[in-house]
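Read through the structure below, which is laid out as structure tokens, and then see the notes.
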Amino acid sequence: MAGTADDGTAHDGTAGDATGRVRRYLPVAEHGLIGDLRTVALVGTDGTIDWYCCPSFDAPSVFAAILDAERGGCFELAAAVPARTKQFYFPDTNVLITRFFTEEGVGEVQDFMPVADQGPEAERHRLIRRVVCVRGSVPFRVRVAPRFDYGTRPHTLRTAGDTAVFATEGLSLALTATVPLEADGPDARAEFKLAEGESAVFALDEVGGEVAPRRCASREAQEQFAATVAYWRRWLAQSRYRGRWREMVHRSALTLKLLTYAPTGAIVAAPTTSLPEQLGGERNWDYRYVWVRDAAFCVYALLRLGFTGEAEAFMEFVTRHVSPGDGRHSGPLQIMYGIDGRTDLAECELGHLEGHFGSSPVRVGNAAADQLQLDIYGALIDSIYLYDKWAEPISSGQWDDVCSLVDWVCAHWDQPDEGIWETRGGRKNFLYSRLMCWVAIERAIRIAHRRGLPADLPRWREARDAIYRRIMDRGWSKERQAFVQHEDGDVLDASVLMMPLAKFIAPTDPKWLSTLDALTRGLVSDSLVYRYDPQASPDGLRGDEGTFSICSFWYVEALVRAGRVDEARLAFEKMLTYANHLGLYAEEISHTGEQQGNFPQAFTHLALISAAFNLDRVLG
């Protein structure tokens, strides 16, 4: 019997695998995340690894059953008898534990990826699955079924006792175990029984070059378990947050850390691709890249908590890879980059994969990379401003880059663009884009004043003031008595919630309070906030979507700043109930409360941190 959710219930959605046995799709929220700051794996509540790319976030998948139950590949490890399961994180770490409750005993699988900074061990990309029987006795079964390159590339399998090597062109993975392994076509299998106190270990390594297969004995697994726990607890100990929602805030911080790529300092928007914004819909995108906006917001959230190292690493990424002046038609910056700084992120569809619960197409790459999104300049320069203020002063070279960007914004802020939501329905004069252009100039002026740095301040002030007047004049709808999505329109958009958060308008200004009331009536559903109404503002795509969780946390902050603290606290507590059993969030929430979209989503977790921080500050 397949494992069940942490409350013991089963889920719908099945697909036959190559053996004819029925295997169900687990909903997005029925997963936990482990990683080594280079890549991640999603582990289902049934003990199956449904998603894993090796050796990096944006590499082709090895296990992708979450996108195709038959062709995607997976790493099953579960009790061989009917079992209830529960899943939790080892406290204050990214070590995941899945427990199996059977009639004969209780067993658990400890999943983790050791974090190695450099040397051969960093290239091993080791994934360890340690199985322990804690009460009675429990039989277990294992099936390791890699399907390389999104299930398109065949592989060879060589087994010898407790070692199996899966090899394909350009990538070889070695599975070592403390129990005998058997070949089953292209897969490796094992069945074993553990008595109370006994354990078994499975380690999956990338091998080749200087990295040779190496057994992971029980003692070594224990040592690496302890070292991994110590690493995460050392990192989390830097947090300055002591507020009411410490567990959720720290889980969000740990999740954001898992989304960082240590070799370059990049921060990905999410570690998955094509998890649908609506089951059966086409809004399926690849988020395994560095969005300038998302990563800059992450820097803000992590700096708030005291994690300056991640901010410094991202600033180094920006300096090295996101320098202005490349002459692109979309402006001096691309809206997103590869984790290695590359700019070519060509989008294609994988027609051989059916998609999560049949939601196609499955996409890799992202065509939105070529869009013009003016708001990224404000997000980036705001993060630079905060880094300069809270971490360490930016360098003269970095200031030169900031000046180049601000000069460009002064010359181009008034053009239409695709906007923050990356719509594919044509460019418009989005209010949010104007707002963040104002932020870019205003924050740069602050840096110049505080540091006494050279700048064309008269030009900057003139452009800043022109943007302010344009927003107040053409972004305000007299009919709606609200600030709206784009100039001279009347469509509501949740992105305007950033207006008081960015300090553009006083949070108690009558125009803002009227806007907040209009948003509450038009886009809010039980504390959950829709981005906009795609029927009223066509975005070039079919189907609907759920509420957008970053907007829901922005709404909490806006209520706090408007003095509606009781409403804000209730909305925040309600949002916490939509997290999964581990405190993780996808991008959106469906009308029935299910997680939708890529998972977990950096946007959501950084907004949770900011909302908790500001709510705590008001509550005292």
Side-chain angles (χ1 to χ4, degrees), residues 293 296-297 300 331-333 372-386 388-389 402-421 427-450 453 455-519 532 554 557-558 561-562:
R293 173 194 311 110
F297 284 168
Y300 166 80
L333 300 183
L372 174 65
Q373 297 177 19
L374 292 169
D375 68 282
I376 65 172
Y377 298 93
L380 178 61
I381 293 175
D382 193 31
S383 71
I384 293 172
Y385 161 75
L386 294 171
D388 182 81
K389 181 179 179 181
V402 168
C403 289
S404 296
L405 292 176
V406 174
D407 286 340
W408 185 89
V409 170
C410 287
H412 296 89
W413 64 265
D414 61 346
Q415 33 182 333
D417 69 346
E418 276 86 6
I420 180 178
W421 308 131
R427 293 182 176 181
K428 297 177 182 176
N429 291 307
F430 288 107
L431 185 150
Y432 183 79
S433 299
R434 301 283 183 270
L435 169 69
M436 295 308 287
C437 284
W438 179 89
V439 168
I441 302 170
E442 198 274 340
R443 300 304 191 265
I445 291 173
R446 289 194 193 194
I447 299 173
H449 278 307
R450 193 177 68 248
L453 295 172
D456 189 353
L457 290 175
R459 183 191 183 204
W460 289 8
R461 290 193 194 99
E462 182 180 1
R464 177 198 63 186
D465 295 348
I467 297 171
Y468 177 89
R469 294 189 184 98
R470 179 82 161 260
I471 290 174
M472 299 302 285
D473 180 33
R474 295 177 60 182
W476 172 259
S477 167
K478 291 182 179 179
E479 291 74 20
R480 298 299 293 262
Q481 285 294 292
F483 291 104
V484 289
Q485 183 182 69
H486 55 83
E487 291 181 357
D488 305 321
D490 60 1
V491 176
L492 295 176
D493 191 307
S495 64
V496 304
L497 286 164
M498 277 293 291
M499 293 178 75
L501 277 55
K503 297 180 170 58
F504 176 87
I505 193 169
T508 55
D509 186 290
K511 281 190 172 182
W512 173 249
L513 293 177
S514 176
T515 300
L516 188 56
D517 288 339
L519 292 171
Y532 54 89
W554 283 349
E557 276 203 61
R561 293 169 189 260

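FYI, side chains are in, hydrogens and waters are out, and symmetry mates aren't considered; it's all heavy atoms of this structure.
Between W413 and Y377 there is no side-chain heavy-atom pair separated by less than 4.5 Å. A 4.5 Å side-chain heavy-atom check between P500 and W512 finds at least one atom pair inside the cut-off. Between M498 and L501 there is a side-chain heavy-atom pair separated by less than 4.5 Å. Under the 4.5 Å side-chain criterion, counting only non-hydrogen atoms from C-beta, Q415 is not in contact with N429. Residues Q373 and I420 fail the side-chain proximity criterion, which asks for heavy atoms closer than 4.5 Å. At a threshold of 4.5 Å between non-hydrogen side-chain atoms, the residues L380 and L333 count as touching. Looking only at side-chain heavy atoms (C-beta outward), L374 and V409 stay at 4.5 Å or farther from each other. Between I447 and D388, some side-chain heavy-atom pair lies under the 4.5 Å cut-off.
The nearest pair of heavy atoms linking A518 to L492 is O-CD1, 3.5 Å. Taking all atoms of both residues into account, the shortest heavy-atom contact from V491 to V484 is O-CB, 3.3 Å. I381 and A440 make their closest contact through CG2-O, 3.5 Å (heavy atoms, listed as atom of the first residue, atom of the second, distance). Of all non-hydrogen atoms in V439 and G378, the two that sit nearest each other are CG1-O, 3.7 Å. Here the closest non-hydrogen pair linking L513 and A562 is CD2-CB, 3.8 Å. For the pair A455 and A448, the tightest heavy-atom approach, listed with the atom from each and the gap, is CB-CB, 4.2 Å.
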From CA spacing to verdict: side chain to side chain contact (heavy atoms under 4.5 Å, CB included), W460, V406: CA-CA 8 Å; W460 289 8; V406 174; 3.4 Å; yes
Given the rule in the side chain to side chain contact (heavy atoms under 4.5 Å, CB included) test, do Y385 and R450 qualify, once you have shown the distances and angles that lead to the verdict? CA-CA 10 Å; Y385 161 75; R450 193 177 68 248; 3.4 Å; yes
Would D375 and S433 count as a side chain to side chain donor-acceptor pair (under 3.5 Å) if you check the C-alpha gap in whole Å, the side-chain angles of each, and the deciding distance to 0.1 Å? CA-CA 4 Å; D375 68 282; S433 299; 4.6 Å; no
Can M436 and I376 be said to form a side chain to side chain contact (heavy atoms under 4.5 Å, CB included), step by step? CA-CA 7 Å; M436 295 308 287; I376 65 172; over 6 Å; no
Report the C-alpha distance between W476 and S514 in whole Å, list the side-chain angles of each, state the deciding distance to 0.1 Å, and finish with yes or no for side chain to side chain contact (heavy atoms under 4.5 Å, CB included). CA-CA 11 Å; W476 172 259; S514 176; 4.2 Å; yes
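With salt bridges taken as basic N to acidic carboxylate O contacts below 4.0 Å, one links R427 and E418. No salt bridge links D490 with R480; every basic N to acidic carboxylate O contact stays at or beyond 4.0 Å. Taking 4.0 Å as the cut-off between side-chain N and carboxylate O, E487 and R434 count as a salt-bridged pair. Between D382 and R443 there is a salt bridge, with a side-chain nitrogen of the basic residue lying less than 4.0 Å from a carboxylate oxygen of the acidic one. Classification of R459 and D407 as a salt-bridged pair holds, one side-chain N sitting under 4.0 Å from a carboxylate O.
Here the CG atom belonging to D456 is positioned 10.0 Å from the CZ atom belonging to R461, to the nearest 0.5 angstrom. Here the OG1 atom belonging to T508 is positioned 11.5 Å from the CG atom belonging to L516, to the nearest 0.5 angstrom. Here CG of L453 is found 7.5 Å from SG of C403. Values are rounded to the nearest 0.5 Å. One finds the CD1 atom of I471 at 12.5 Å from the CZ atom of R469 (value rounded to the nearest 0.5 Å). One finds the CH2 atom of W438 at 4.5 Å from the CD atom of E442 (value rounded to the nearest 0.5 Å). To the nearest 0.5 Å, the span separating CZ on R446 from CD1 on I441 amounts to 13.5 Å.
Residue-environment remark: CD (Q481) exceeds the threshold of 12 foreign heavy atoms within 6.0 Å.
Note on ring orientation: taking the six-membered ring where Trp is involved, the planes of F504 and Y468 are tilted (angle from 30° to 60°). Using the six-membered ring where Trp is involved, W421 and Y532 have ring planes that are tilted, between 30° and 60° apart.
Screening L519, L435, L431 for a side-chain contact (heavy atoms from CB on, under 4.5 Å) involving F483 leaves a single residue, L431.
Between the side chain of T515 and the backbone N or O of K511, at least one donor-acceptor pair lies under 3.5 Å.
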